[in-house]
Amino acid sequence: CVCVSVCDCAFPSRRACLLGGLSLAAALGLSACATPPEPTAEQRQDALVQRFYRLVADGDFDQCIRLVSARNISKEQLADFEPKLRRMLAGAKGLIDSKGGLEQVEIVERVVSEKDQVTKLRVLVRYRDGNTRRERMNVFQEDGVWKVQL
């Protein structure tokens, strides 16, 4: 048995060698199945911002609008605001297209406002033509989900 020749010094018997090998395999198997840690609030905010800008660039305004919420207006008022929001998103897409598309979206500043329960972000948008633009975006949690605040 290869195990006996490899394990002679570590395990005194073939049985101990096999048990040691099984224990090692089980430990490695369990560590491979361990659940990854939950994303942090910052990671979730970053993912939201990246997804939002990608959806704007792709012209998927329906999905984009699902990422937007407003705390101070009702859902009915938000629905009434939707045509204006679509025009704003179309304008943003037009700007992205005129600059050759998105190169990168980076959060350069994050300020958490405990009072307002909102995170104020400064975002640096890099376009494929080499231009950049700094934008402000507020995000907050609504029913445990991060949303872009109007």
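Because only heavy atoms are used, hydrogens play no part in the values below, and waters and symmetry mates are left out as well, while side chains stay in. If you're wondering where the values come from, they're calculated on a predicted model, not measured in any experiment.
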Next item on the list: Report the C-alpha separation of Thr132 and Lys99 in whole Å, then their side-chain angles, then the decisive distance to 0.1 Å, and conclude whether the side-chain contact (heavy atoms from CB on, under 4.5 Å) test is met.
Entry: CA-CA 10 Å; Thr132 61; Lys99 299 195 176 288; over 6 Å; no

Note to self: salt bridge (Lys or Arg N to Asp or Glu O under 4.0 Å), that's the test. Do Arg128 and Asp97 meet it? Break it down for me.
What the structure shows: CA-CA 9 Å; Arg128 292 216 166 127; Asp97 290 346; over 6 Å; no

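With hydrophobic clusters built from ILVMFWY side chains whose heavy atoms lie under 4.5 angstrom apart, Val118 does not share a cluster with Val49. Tracing side-chain contacts under 4.5 Å through hydrophobic residues (I, L, V, M, F, W, Y), one never reaches Val112 starting from Val148; they form parts of separate clusters. Val145 and Phe140 are assigned to two separate hydrophobic clusters, defined by single-linkage of ILVMFWY side chains at heavy-atom distances under 4.5 Å. When the side chains of ILVMFWY residues are joined at heavy-atom separations under 4.5 Å, either directly or via intervening members, Phe61 and Leu55 end up in a single hydrophobic cluster.
The two residues Leu121 and Gln45 make their nearest non-hydrogen contact at CD2-OE1, 4.3 Å. Looking at every heavy atom in both residues, Cys64 comes nearest to Val56 through SG-CG2, 3.4 Å. Closest approach of Leu85 to Val68, counting heavy atoms only: CD2-CG1, 4.2 Å.
Judged by distance alone, the side chain of Arg134 and the main-chain N or O of Leu124 form no donor-acceptor pair under 3.5 Å. Put simply, the side chain of Lys147 never gets that close to the backbone of Leu67: no donor and acceptor are under 3.5 Å apart.
Taking CD1 of Ile107 as the start and CD of Gln50 as the end, the distance is 7.0 Å to the nearest 0.5 Å. The CG atom of Leu95 sits 4.0 Å away from atom OH of Tyr127, with the distance rounded to the nearest 0.5 Å. Atom CD of Gln117 is separated from atom CD of Glu142 by 12.5 Å, given to the nearest 0.5 angstrom. Taken from CG in Asp46 to CZ in Arg44, the straight-line distance is 12.5 Å, to the nearest 0.5 Å. Going from atom CD of Glu82 over to atom CG of Asp80 covers 10.0 Å, rounded to the nearest 0.5 Å. To the nearest 0.5 Å, the span separating CG on Leu102 from CZ on Arg54 amounts to 5.0 Å.
Environment of NZ in Lys120: sparse, with no more than 12 heavy atoms of neighbouring residues, nucleotides or ligands closer than 6.0 Å.
Inter-residue side-chain proximity for Leu89 and Phe52 is flagged as met; some heavy-atom pair is nearer than 4.5 Å. With a 4.5 Å cut-off on side-chain heavy atoms, Asn138 and Asp116 do not count as touching.
Ion pair Arg126/Glu103 not flagged as a salt bridge, since none of the NZ, NE, NH1 or NH2 atoms sits closer than 4.0 Å to an Asp/Glu carboxylate oxygen.
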